[in-house]
Amino acid sequence: MLQVSQLKETKHKVITGLLKKRFKNAEEIIDKVLDLDQTRRETQVKLDNVLAESNAVAREIGQLMQKGEKETATQRKEISATLKASSKSLAETLQQYEEELTQLLYTIPNTAHSDVPDGVSADDNENIFQHGELPVLYDGALPHWELIKKYDIIDFDLGNKITGAGFPVYKGKGARLQRSLINFFLDEAVKAGYHEVQPPILVNQESGIATGQLPDKEGQMYHIPEGNLYLIPTAEVPITNLYRDVILSEDQLPIKNVGYTPCFRREAGSWGAHVRGLNRLHQFDKVEIVQIHHPENSYQALEGMLEDVKRLLEKLELPYRVLKLCGGDLGFASALTYDLEVYSAAQEKWLEVSSVSNFETYQSNRLKLRFKGDDKKMTLLHTLNGSALALPRIMAALLENNQSKDSIRFPKVLVPYLGFESIG
RNA sequence: AGAGAGGUGGCCGAGUGGUUGAAGGCGCACGCCUGGAAAGUGUGUAUCCGCCUAAAGUGGAUCGGGGGUUCGAAUCCCUUCCUCUCUGCCA
């Protein structure tokens with residue numbers, strides 16, 4: 001969430017950024033926050049004064065008791081009782097203000113960076129880069145959901161039987177392809193200087209709150225009542241939460257982590273004809289990169305992450321484009337996001353396979369992720385993350401783009417991982 | 001899952017109701033000592049919310065989390081989470 005100090009000191013900049021994000025009533029809500037904060041502080045001062053007096057009396061009583069002046073002590077106790085009643089009520093009021101303030105701050109998204117293009121929807125995203133020729137397929141080329149049946153490599157019916165819709169079973173060379181992609185992505189990330197981690201795929205509520213999935217997006221996660229845990233929608237959640245309540249020293253920066261996990265998304269209400277096959281699943285695999293940076297370096301790092309992801313797509317020989325998301329399409333917690341889309345030739349569609357974002361201090365404020373600089377001051381760090389990459393749509397594009405009438409060939413880089421060059 | 005023990009500062013570790021935000025040690029920073037270093041020695045060394053602000057200073061909170069008893073709680077009670085040991089179970 002945003003910091004109150006941020007709202008106070010750079011109010012107009014924040015409002016501009018929020019309006020770009022199509023956040024309504026930005027000024028009104030910020031004023032409300034500032035009012036509430038003012039009231040909160042005044043209450044805090046009153047409470048502190050009462051507590052200070054109360055502490056003084058208690059100390060005095062202690063001394064009197066030791067001297068054996070019990071009667072005076074008893075008199076003092078009466079004062080103390082009054083102070084206590086007063087402090088109790090003030091403490092309750094203060095807590096109410098604090099909760100109200102937090103709730104209000106939860107409703108405010110991150111502000112858009114000044115480079116974010118203006119716009120309302122996905123149609124307004126700025127296409128900033130495109131690479132690779134769009135493949136021309138032979139007549140009668142199949143979409144991936146037909147190819148997987150034809151070669152019997154992914155089975156939706158079986159997944160449907162044992163679990164439900166959106167939980168495919170990968171079989172034979174399909175399973176091997178999945179495993180190969182995971183290993184390829186991890187190896188590439190490690191080569192690029194990332195530190196590999198394998199986090200849990202169930203997280204507690206605190207973690208969900210810290211990275212911003214809770215409370216806003218509760219409905220998108222699977223929840224397990226035993227232990228009150230959530231299945232992660234992305235490895236971003238556990239990997240970023242590794243740094244919850246952490247104070248780093250400057251020489252530990254930057255942090256660059258990579259991890260593979262399955263991801264689980266309920267995707268309530270988003271099912272229909274346009275999400276056939278691998279386009280949208282309840283469970284899918286993803287390799288995620290997470291970086292933590294000094295505020296001054298985070299945008300340079302974002303560009304670096306974008307290059308890391310582009311390199312993967314180029315090695316996979318997939319045509320892709322890079323979009324800079326417009327304000328209206330930007331995620332809740334993000335200040336600037338690049339989406340990478342691959343071209344899926346049989347569907348004749350661009351499919352989002354990665355989203356690379358800078359969250360600035362929006363997450364670190366909830367995480368309490370800070371560093372102590374040379375000036376000994378605590379400063380919030382910037383968190384960034386990106387998919388590198390999400391598997392199902394990559395698979396869809398690989399299958400569709402590389403098909404011929406009786407086989408599917410795979411890019412060179414994958415062959416050592418696959419142990420074969422083609423299917424069929 | 002059952003029984004027991006325990007959760008104190010960056011770390012170790014004292015502390016069972018009254019200037020204890022917390023002894024002592026280690027570590028770390030700076031200074032002294034030294035030709036230089038080690039040893040020795042001195043000083044400092046948490047976070048959050050406030051007040052005042054140029055700085056200094058200062059009030060409050062925090063001994064896993066939450067609640068309670070009390071004039072006063074790290075210390076007593078309740079509750080919850082976590083860790084360890086034994087038993088059980090299992091990959």
Side-chain angles (χ1 to χ4, degrees), chain A residues 1-9 33-105 198-210 214 223-230 238 241-253 255 262 361 363-381:
Chain A
M1 60 185 150
L2 297 175
Q3 305 151 77
V4 175
S5 59
Q6 209 176 341
L7 298 177
K8 204 185 292 181
E9 287 154 22
V33 168
L34 295 179
D35 270 2
L36 202 51
D37 182 60
Q38 179 66 28
T39 319
R40 194 207 96 234
R41 289 208 318 275
E42 285 163 8
T43 311
Q44 172 100 52
V45 171
K46 282 185 206 160
L47 175 63
D48 286 354
N49 287 340
V50 172
L51 286 175
E53 205 178 327
S54 186
N55 286 343
V57 173
R59 229 172 287 142
E60 197 186 343
I61 290 172
Q63 284 162 2
L64 288 170
M65 296 291 266
Q66 278 173 350
K67 282 188 218 157
E69 297 180 31
K70 283 195 180 160
E71 280 181 34
T72 325
T74 311
Q75 284 171 3
R76 287 287 181 272
K77 283 189 190 181
E78 282 168 32
I79 301 174
S80 190
T82 325
L83 289 170
K84 195 187 177 180
S86 151
S87 75
K88 196 174 176 184
S89 121
L90 279 168
E92 277 166 15
T93 312
L94 181 64
Q95 203 188 339
Q96 274 172 23
Y97 286 138
E98 279 171 351
E99 273 167 24
E100 212 177 313
L101 189 58
T102 307
Q103 290 306 317
L104 200 54
L105 286 169
Q198 197 171 100
I201 59 176
L202 265 63
V203 293
N204 58 29
Q205 207 168 7
E206 291 74 41
S207 296
I209 289 171
L214 294 172
H223 180 244
I224 295 172
E226 287 78 14
N228 191 22
L229 299 171
Y230 293 85
N241 268 282
L242 258 22
Y243 299 89
R244 173 150 52 86
D245 289 317
V246 165
I247 298 168
L248 296 169
S249 59
E250 238 173 306
D251 57 17
Q252 289 175 280
L253 298 172
I255 303 278
T361 59
Q363 288 183 329
S364 61
N365 189 30
R366 287 201 204 180
L367 286 160
K368 296 202 203 69
L369 165 58
R370 296 159 292 174
F371 75 100
K372 199 185 249 186
D374 292 336
D375 57 358
K376 306 262 179 179
K377 279 174 105 176
M378 288 292 180
T379 310
L380 291 173
L381 286 158

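In the text below, chain A, chain B and the rest are named by the order of the sequence lines, each starting its count at 1.
Between the P atom of B:U47 and the CG atom of A:Leu248 lies a distance of 14 Å, rounded to the nearest Å. Going from atom CG of A:Leu369 over to atom C1' of B:U47 covers 15 Å, rounded to whole Å. Atom CG in A:Leu94 sits about 18 Å away from atom P in B:C48, given to the nearest Å.
Base pairing in RNA chain B gives the following stems of 3 or more Watson-Crick or G-U pairs, range against range and under 3.5 Å: B:1-7 with B:81-87, B:10-12 with B:24-26, B:27-32 with B:40-45, B:46-51 with B:57-62, B:64-68 with B:76-80.
Comparing B:G66 with B:U62, their C1' atoms are spaced 14 Å from each other, to the whole Å. Taking atom C1' in both B:C71 and B:C63, the straight-line distance is 22 Å, to the nearest Å. Distance check on atom C1': B:C28 versus B:C12 gives 15 Å, rounded to whole Å. The separation of B:A23 from B:C11, taken at their P atoms, amounts to 15 Å, rounded to a whole angstrom. Taking the C1' atoms as reference points, B:G15 lies 16 Å from B:G6, given to the whole Å. A distance of about 15 Å separates the C1' atoms of B:G44 and B:G10, rounded to the whole Å. Taking atom C1' in both B:G21 and B:A46, one finds a spacing of 9 Å when rounded to whole Å. Atom C1' of B:U83 sits at a distance of 11 Å from the matching atom of B:G64, rounded to the whole Å.
Between the side chain of A:Asn365 and the backbone N or O of A:Met1, at least one donor-acceptor pair lies under 3.5 Å. Side-chain atoms of A:Gln38 do not come within 3.5 Å of backbone N or O of A:Asp35 as any donor-acceptor pair. Judged purely by atom type and a 3.5 angstrom limit, A:Asn241 has no side-chain atom pairing as donor or acceptor with the backbone of A:Arg244. Between the side chain of A:Ser364 and the backbone N or O of A:Leu381, at least one donor-acceptor pair lies under 3.5 Å.
Taking for each of A:Arg76 and A:Ala58 the nucleotide of RNA chain B with the nearest heavy atom, the 5'-most of the two is the partner of A:Ala58.
Closest approach of A:Val33 and A:Leu7 over heavy atoms only: CG1-CD1, 3.6 Å. Closest approach of A:Arg370 and A:Leu380 over heavy atoms only: CG-CD2, 3.5 Å. Here the closest heavy-atom approach between residue A:Arg76 and residue A:Val57 is recorded as O-CG1, 3.7 Å. Smallest separation of non-hydrogen atoms from A:Ser87 and A:Val50: CB-CG1, 3.7 Å.
Across all strands shown, A:Lys84 has heavy atoms under 4.0 Å from base atoms, whether or not it also approaches the sugar-phosphate.
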What string of B, S and - do you get for nucleotides 49-67 of chain B, 5' to 3', if B is base contact, S is sugar-phosphate-only contact and - is no contact with any protein heavy atom under 4.0 Å?
-> BSS-------BSS------

Taking only N/O atoms, report every protein-nucleotides 78-84 of chain B pair under 3.5 Å with atom names and distance.
none

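Across A:Ile247, A:Leu242, A:Leu248, A:Asp245, a single residue satisfies side chain to side chain contact (heavy atoms under 4.5 Å, CB included) together with A:Leu369, and that is A:Leu248.
Around the CD atom of A:Glu53, the shell of radius 6.0 Å holds no more than 12 heavy atoms that belong to other residues, nucleotides or ligands. Around CD of A:Gln198, the count of heavy atoms belonging to other residues, nucleotides or ligands within 6.0 Å does not exceed 12.
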Test A:Gln252 against A:Ser249 for side chain to side chain donor-acceptor pair (under 3.5 Å), laying out the working first.
-> CA-CA 6 Å; A:Gln252 289 175 280; A:Ser249 59; 3.2 Å; yes

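One finds a side-chain N or O of A:Lys372 lying less than 4.0 angstrom from the OP1 or OP2 phosphate oxygen of B:U47.
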